[in-house]
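A short write-up of the structure that comes next.
We count ligands from 1, going down the list as the structure has it; atoms in each ligand are counted the same way. Keep in mind that what you see is a predicted model, and the values were worked out from it rather than measured. This chain uses plain numbering: 1 for the first residue, then up along the sequence.
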Amino acid sequence: MSASPTTEAATLPGQGMLGVLGGGQLGRMFVHAAQTHGYRVMVLEPDAASPAGAAADAHLRAPYAEPAALSELAAACVAITTEFENVPAEALRMLAARRRVSPPADAVQVCQHRAREKAAFAAAGVPCAPHAVIDSAETAASAALAPLLPGILKTASLGYDGKGQATVMTLADLPAAWQALGGVPCVLEQRLPLRLEISVIVARGADGAVVHLPVQQNLHRGGILAVTQVPAPDVPPALAEQAIALAGRLAQALDYVGVLCVEFFVLQDGRLVANEMAPRPHNSGHYSIDACDVSQFDLQLRALAGLPLVAPRLHSAAVMLNLLGDLWFPQDAADAAPVTPDWAAVLSLPGAHLHLYGKAEARRGRKMGHLTFTAADAGTARANALRAAAVLGLQAF
Ligand code: ATP
Ligand code: MG
């Protein structure tokens, strides 16, 4: 009998409890994937009501860095992952001393800080935007920054969905823009001429095996992901291969174990430039739940549990629409009461897969769910997604 490709330390399906740091929607979808495979899941999350906490078998209600809670998590779980990159790296290290933890704390720490992240891109030979670190009034006033303008000033840490960013047109505007972001360490990036945005999700196992999802083409509105299309309609195969190779190279350079998403810009001249990376499943990979035979959450689970990583196969064309809280407020009035979108109309469309994250309150800009359309061909998926967008009052794409 041939040996199983699992490592000795694999936690087989149905055996034991897995842990997740964080209670958001990414954690919730991981919980679903893990439970489907027969695992129980414990979520560490301070909020009483959270998308992942509500789905988990056990909810440990405590701050992410509380030693007693981490100790309890390590005692209860055979392996632990995180659903967001701003978990204290020290918490991951503490857990890793006792249990299998993926992604590794060092890689998470790199992803927490835009300057470290760009240094990691450079070290792996992955091109990124010309940039400079701004961490003092002196650096903010430096004339040497002129070649980076017009630029985008981004806080080095804790930015997401376009928050913590400001466009800076001239050197004279820079000191005030830096102060307006709180005078915290920032990265000033040259504003690049984008043709389009794509992302690549790879998963790497402890044995170094790397698999990937197909390249995703992403449309952002107001700094927030709005639409993901797979197959990427405007990405030639050679460019897709290049992006996949770069993402794999990064995972290897970081000695990464788990799911890693790398966001790329495709410039007007066709060049590929890495924007940022996330040490976890990504919003642009949600379509994989419905359109692939192995989803990004299945990959996270497999990498965490030490199970074999198999290359996912896209079995349907997919278009994903993000469902932000704005959809619940069709009128502009600030004091308007939320109105539930017409899900019945949306679900009457062929190939609709509705995912709501169980958040009690809709707020503008808040990710409430997503809607994936699958079809045998890209044109049909897109046509149905456009019909749904019209029903929901979303802009066409
Ligand atoms: P996320 O939610 O993906 O973590 P974020 O807040 O970290 O978002 P970025 O990904 O850095 O923000 O930027 C958000 C969007 O702003 C990008 O997807 C892109 O559309 C635009 N953008 C960011 N940096 C640049 C740049 N250097 N040149 C041109 N456009 C940019
Ligand atoms: Mg981004």
Side-chain angles (χ1 to χ4, degrees), residues 22 24-26 82-87 108 110-118 120-122 126-134 145 147-169 174 177 181-182 184-201 215-229 232 234-235 243 247 250 259-286 296 320 322-325 365-368 370 395 397:
Q25 61 267 18
L26 297 173
T82 178
E83 64 116 34
F84 71 129
E85 60 267 41
N86 289 319
V87 60
V108 172
V110 166
C111 297
Q112 285 171 349
H113 195 279
R114 291 190 193 275
R116 285 200 291 264
E117 189 172 57
K118 287 186 160 53
F121 288 149
V126 175
C128 65
H131 64 280
V133 175
I134 312 278
L145 298 171
L148 296 177
L149 300 177
I152 304 180
L153 189 64
K154 304 179 179 182
T155 57
S157 50
L158 300 176
Y160 70 100
D161 290 346
K163 294 183 175 67
Q165 299 197 7
T167 297
V168 180
M169 300 306 290
L174 194 49
L181 288 178
V184 296
C186 285
V187 168
L188 176 67
E189 277 179 38
Q190 193 177 62
R191 195 175 70 193
L192 300 170
L194 311 189
R195 181 189 294 170
L196 50 100
E197 296 188 60
I198 63 174
S199 55
V200 176
I201 291 165
V215 169
Q216 294 112 206
Q217 185 165 326
N218 303 322
L219 175 68
H220 293 80
R221 292 192 183 122
I224 307 179
L225 182 67
V227 182
T228 294
Q229 299 183 78
D234 305 311
V235 178
L250 263 170
V259 169
L260 178 74
C261 178
V262 187
E263 297 178 18
F264 293 96
F265 300 138
V266 180
L267 304 189
Q268 293 291 353
D269 64 9
R271 271 187 304 139
L272 205 53
V273 166
N275 172 27
E276 58 175 359
M277 57 184 168
R280 50 167 172 78
H282 192 261
N283 196 165
S284 64
H286 291 353
Q296 62 170 347
M320 184 217 64
N322 249 354
L323 304 174
L324 301 183
R366 189 177 202 197
K367 289 176 178 170
M368 302 299 291
H370 68 268
Q395 222 179 299
F397 52 90

Going by the atom numbers of ligand 1, which of them fall below 4.0 Å from some non-hydrogen atom of [X]?
X      : result
Arg114 : 5 (P), 6 (O), 7 (O), 11 (O), 12 (O)
Leu194 : 29 (C), 30 (N)
His220 : 18 (O)
Glu263 : 3 (O), 10 (O)
Asn275 : 9 (P), 10 (O), 11 (O)

Can you name the closest pair of heavy atoms from [X] and [Y] and give their distance?
X      : Y      : answer
Lys367 : Ile224 : CE-CG2, 4.0 Å
Leu324 : Gly365 : CD2-O, 4.1 Å
Ala129 : Leu192 : CB-CD1, 3.6 Å

Are any of the N or O atoms of [X] closer than 3.5 Å to those of ligand 1?
X      : result
Gly223 : no
His282 : no
Arg191 : no

task = Classify the contact between Lys154 and ligand 1 as side chain, backbone, both or neither, using a heavy-atom distance cut-off of under 4.0 Å.
result =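 It is the side chain that gets close, since no backbone atom is under 4.0 Å.
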Do we see a donor-acceptor contact under 3.5 Å between the side chains of [X] and [Y]?
X      : Y      : result
Asp234 : Gln217 : yes
Gln296 : His286 : yes
Glu263 : His282 : yes

message = Going by the rule ring pair (Phe, Tyr, Trp, His ring centres under 6.0 Å), which residues pair with Phe84 if we only count those two or more places apart in sequence or in a different chain?
response =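 Expected list: Tyr64.
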